[in-house]
Amino acid sequence: MLYTENQFKRYTVTSALPYANGPVHIGHLAGVYIPADIYARYLRLAGEDVIYIGGSDEHGVPITIKARNEGITPQEVVDHYHAIIKKSFEDFGISFDIYSRTSDPIHHRTASDFFLKLYQDNKFIEKTTQQYYDEEARQFLADRYITGVCPHCSNERAYGDQCESCGTSLSPTDLLHPKSVLSGSEPVLKDTKHWFLPLNEYEDFLKEWILIQHKQDWRSTVYGQCKSWIDMGLQPRAVTRDLDWGIKLPVPDTDGKVLYVWFDAPIGYISATKIWADQHQKDWQPYWKDTETKLVHFIGKDNIVFHCIIFPVMLKAEGSYILPENVPANEFMNLENDKISTSRNWAVWLHEYMEDFPDKQDVLRYVLTSSAPETKDNDFTWKDFQAKNNNELVAIFGNFVNRTLVLTHKYYQGRIPAKDVLNETDRAVMEQIKTYPELIGRNIEKYHFRDGLSELMNLARLGNKYLTDNEPWKEINTNPQHVTSVLNIALQIAANLSILCEPFLPFTAKKLQTMLNMQPAKWSKAGCVSLLDEGALIGEPTLLFEKTEDSAIEEQLLKLRKAKEQNAQNAQQDVEVEPQKALISYEDFMKADLRICQVLEAERVAKTKKLLKLKVDTGFDIRTIISGIAENYEPEALTGKKVLMLVNLQPKEIIGTVSQGMILMADCNGTLGILTSDKDMPNGSIVK
RNA sequence: CGCGGAGUAGAGCAGUGGUAGCUCGUCGGGCUCAUAACCCGGAGGCCGCAGGUUCGAGUCCUGUCUCCGCAACCA
């Protein structure tokens, strides 16, 4: 029984399928898996019929690229990471009813049947387009499999979808001198047929369903993103790809074609449900087809379009499925003021956390929940982790439980005393205890997990205050018959905490219940002040949480610093040295007027990422130049610096400012280094 | 002018028209059962900036600046 008005018969809760080309990190946990887990655990505790679905997403181009780079098969890649990911989720108590994978045969059949149904119902449009084809490798090339010269910046290693040097997004046909990554040969354009889901035909449906029906209950970030997509006008979207890794099209004469990974992945929720149902002799269909089922997708904000637009359109087109009731997408979690990045190894990996902080899953769960990016991007810092552990979990929650149990053992040899004599404060506290289950429950039901957790801590605070107000350690000498009531009530608060914290801190809940010698109880039991029987024996107190020392935090920070250094080194090692350019004459070289100059002022150019505006002293004049080095140098670090400059370069206007010259830089994969003289030379010194 | 989100006390956040709030930190006091933990009290904010609507604006409207995300690996 829930507190909010809408009553459903059952709940299907999903969390985004992690892509099996790397382990999972705190960003995944904070953004998706912890919120979903809290929600699912809460519903179970409230006695609802709920399944919580997860699994690894194992298809798509990046996995094939990774396999190729490492010289193994795609299947080996996904087997490796699926195992690591699954283990991490188990370690952190993410309570999936089933954690499946999209390489499962049942999934292949389900996705393929789904496609076939839409195909037979003529829900797709077929289009033939031209795409690059590698004649040596005899296959069509995904955008990432094509490199060439960027038409904008002449970078010779631009990809078919993007040039990483200048940042512009490209399509493969934009590239000059395209080259296949597979064979190195020049690919040719060839006709290929694909099936498209005509999203544009579902605009009215989406407008009605999202923009009107869910205006109030969806998060503003989710709603805004959807609105912008719908307002821009939707285009038909290809749901097939030319690739040999994935789910084969169930249509004759389509060799070498598979379902687009984003078509097959969300169907993974459905196939996982089927597998679960098989294992438990249940029927999967009510969880996906009964209108009295509430379907909720937990995702990160990057997945909004797939879960709010594309997948619902797929479900709608199929016809027999229900639609998600809510899609509580979280924003992103940053790490120490920097974007979490798998490729840059800027992350806290869950499997590493488990090694460094064994048995402290709940600490991370607590920290990530209390600063979850529910409304905007948030930052995870180790200092904050330590503070929240020491000042909140240890000092408030752990300490309350500890002092209560210690006093019980001290005065009553571990037997729960009777509450006979009750005064006004006792009664007031008992009344307050009653309010917490609903307070916390309502927040969880509204997906306000941060607020729910904070209310939980308030109950622990209430306990601490209650003890301090009554001072049983003094009263034991003056009014011992009342102390029994005080400790009874304090113990009841601890028992309540053990139930109410279960969705957030499942390991702590278990530990606390063991300590109190109590059985796990349903949510509806919480709020009651007779959870523990008078006269019953409690266990020995052990610490629920331990202080985190500075050294542990420093170790983690050191690890991150090393990752950053390693990263810089890798970037340098990966360099392909450019071949020597054509010979030039001495006269040609002498045309270049190179000088030692001094930077006088530096400031960022508004609205750009890379540009700095510099005022430079050339020895003979002072001029302005624009330089694309803002990602490598802070403006402050440049002022006063002597640099090597080409001064007779033709002036060029860049973003409204004329740049008169060019600062010379060593360039290694975008890492830039300023050149200068090893002696202090006066401004204007000639370089030759 | 590509699209979306955010800017509120030192830090992290809540607050969608009616006397600016929470957690942590900080300062002062109390207590000593407890992992130097707990409890009480105080200080600290022209709610990014500028206009407007209103009896009344953090909240609605317009303009503007800054940060983040999406489009493009990634929650």
Side-chain angles (χ1 to χ4, degrees), chain A residues 15-19 21-22 24-35 60-62 65-66 143-144 159 161-164 167-170 219-229 231-232 298-305 329-334 339-344 347 370-379 381 383-384 387-388 390-396 398-411 448 450-451 453-455 457-458 460-461 463-476 483 487 490 541 543-547 606-607:
Chain A
S15 51
L17 306 185
Y19 195 59
N21 73 338
V24 275
H25 52 64
I26 54 169
H28 296 105
L29 214 51
V32 178
Y33 304 100
I34 289 179
V61 176
I65 293 181
K66 181 147 196 136
D143 295 354
R144 277 264 147 178
Y159 289 102
D161 54 354
Q162 165 191 32
C163 169
E164 288 182 348
T168 38
S169 63
L170 305 168
R219 287 188 179 166
S220 64
T221 46
V222 177
Y223 183 88
Q225 192 73 247
C226 292
K227 188 172 182 334
S228 96
W229 275 83
D231 288 350
M232 268 192 294
F298 285 87
I299 56 168
K301 68 172 159 184
D302 54 334
N303 273 341
I304 289 173
V305 64
N330 268 346
E331 303 289 293
F332 281 158
M333 185 73 131
N334 294 326
K339 215 172 132 176
I340 294 179
S341 161
T342 305
S343 53
R344 279 170 37 243
S370 69
S371 58
E374 285 176 11
T375 50
K376 61 178 182 189
D377 288 0
N378 241 334
D379 198 31
T381 64
K383 204 171 145 261
D384 188 48
K388 285 207 156 86
N390 293 358
N391 304 329
E392 298 179 31
L393 282 178
V394 173
I396 296 166
N399 184 44
F400 165 67
V401 170
N402 188 238
R403 57 200 300 219
T404 302
L405 296 207
V406 167
L407 285 172
T408 306
H409 276 278
K410 198 165 181 173
Y411 299 151
H448 295 173
R450 222 172 27 199
D451 294 345
L453 183 60
S454 133
E455 289 300 343
M457 293 306 281
N458 283 340
R461 285 188 183 95
N464 274 320
K465 184 167 158 45
Y466 178 62
L467 285 182
T468 303
D469 286 350
N470 282 285
E471 301 186 303
W473 48 91
K474 279 187 180 168
E475 214 181 15
I476 193 74
V483 174
L487 279 178
L543 296 184
L544 284 178
F545 306 102
E546 286 164 9
K547 286 219 148 199
K607 291 197 173 182

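Naming convention: chains lettered A, B, ... in sequence-line order (proteins, then strands); numbering from 1 in each chain.
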Would you indicate what [X] reaches in the nucleic acid, counting non-hydrogen atoms under 4.0 angstrom: base, sugar-phosphate, or nothing?
X        : answer
A/Ile34  : nothing
A/Thr221 : sugar-phosphate
A/Asn464 : sugar-phosphate
A/Lys388 : nothing
A/Gly398 : base
A/Ala16  : nothing
A/Asn334 : nothing

Could you please name the option among [options] that lies closest to any side-chain atom of [X]?
X        : options             : answer
A/Ile396 : B/A37, B/A75, B/C24 : B/C24
A/Arg461 : B/C39, B/C38, B/A75 : B/C39
A/Asn303 : B/A34, B/A75, B/C73 : B/A75
A/His25  : B/A75, B/G30, B/A37 : B/A75
A/Thr468 : B/C39, B/U23, B/C31 : B/C39
A/Asn391 : B/G5, B/C74, B/C24  : B/C24
A/Ser220 : B/G5, B/C39, B/C33  : B/G5
A/Met333 : B/A37, B/G5, B/A75  : B/A75
A/Lys474 : B/G69, B/A14, B/U32 : B/U32
A/Glu392 : B/A37, B/U23, B/U32 : B/U23

Quick check on [N]: is either OP1 or OP2 less than 4.0 Å from any side-chain nitrogen or oxygen of [X]?
X        : N     : value
A/Lys465 : B/C40 : yes
A/Lys547 : B/A37 : yes
A/Arg403 : B/A37 : no

With no hydrogens and no angle check, is any side-chain donor or acceptor of [X] less than 3.5 Å from a backbone partner on [Y]?
X        : Y        : answer
A/Arg450 : A/Ser370 : no
A/Asn330 : A/Gly31  : yes
A/Asn303 : A/Ile299 : no
A/His409 : A/Val406 : no
A/Arg219 : A/Ala329 : yes

When you compare [N] with [M], how far apart are their [atom1] atoms, in angstrom units rounded to a whole number?
N     : M     : atom1 : value
B/G30 : B/A37 : C1'   : 15 Å
B/A9  : B/A71 : P     : 32 Å
B/G28 : B/G18 : C1'   : 35 Å
B/G25 : B/C3  : C1'   : 39 Å
B/G15 : B/C74 : P     : 31 Å
B/U19 : B/G58 : C1'   : 14 Å
B/G45 : B/A20 : C1'   : 8 Å
B/C47 : B/G29 : C1'   : 32 Å

Please give, in whole Å, the distance from [N] [atom2] to [X] [atom1]?
X        : N     : atom1 : atom2 : answer
A/Asn402 : B/U32 : CG    : P     : 18 Å
A/Arg219 : B/A14 : CZ    : P     : 11 Å
A/Ile26  : B/C74 : CD1   : P     : 18 Å
A/Phe400 : B/C33 : CZ    : P     : 17 Å
A/Asp469 : B/C33 : CG    : C1'   : 14 Å
A/Arg450 : B/U23 : CZ    : P     : 15 Å
A/Glu546 : B/A37 : CD    : C1'   : 15 Å
A/Asn470 : B/A34 : CG    : P     : 17 Å

Do we see a donor-acceptor contact under 3.5 Å between the side chains of A/Arg461 and A/Asn458?
->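 Short answer, yes.
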Taking everything shown except A/Lys66 itself, do over 12 heavy atoms lie less than 6.0 Å from its NZ?
->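 Count over threshold, so yes.
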With nearest nucleotides of RNA chain B determined for A/Lys301 and A/Leu543 from heavy-atom distances, which residue corresponds to the more 5′ nucleotide?
->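 Nearer the 5' end of the strand: A/Leu543.
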Starting at the 5' end of RNA chain B, which residue's closest nucleotide do you reach first, A/Phe545 or A/Glu471?
->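 The residue mapped nearer the 5' terminus is A/Glu471.
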G-U wobble or Watson-Crick pairing nucleotide for [N] (cut-off 3.5 Å, both distances):
N     : answer
B/U32 : none
B/U26 : B/G42
B/U62 : B/A50
B/G4  : B/C68

Are side-chain heavy atoms of A/Val305 and A/Gln225 found at a separation under 4.5 Å?
->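 No, side chains not in contact.
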Passing candidate, side chain to side chain contact (heavy atoms under 4.5 Å, CB included) with A/Pro541, options A/Thr408, A/Asn402, A/Thr404 |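 Testing each of A/Thr408, A/Asn402, A/Thr404 against A/Pro541, the sole residue satisfying side chain to side chain contact (heavy atoms under 4.5 Å, CB included) is A/Asn402.
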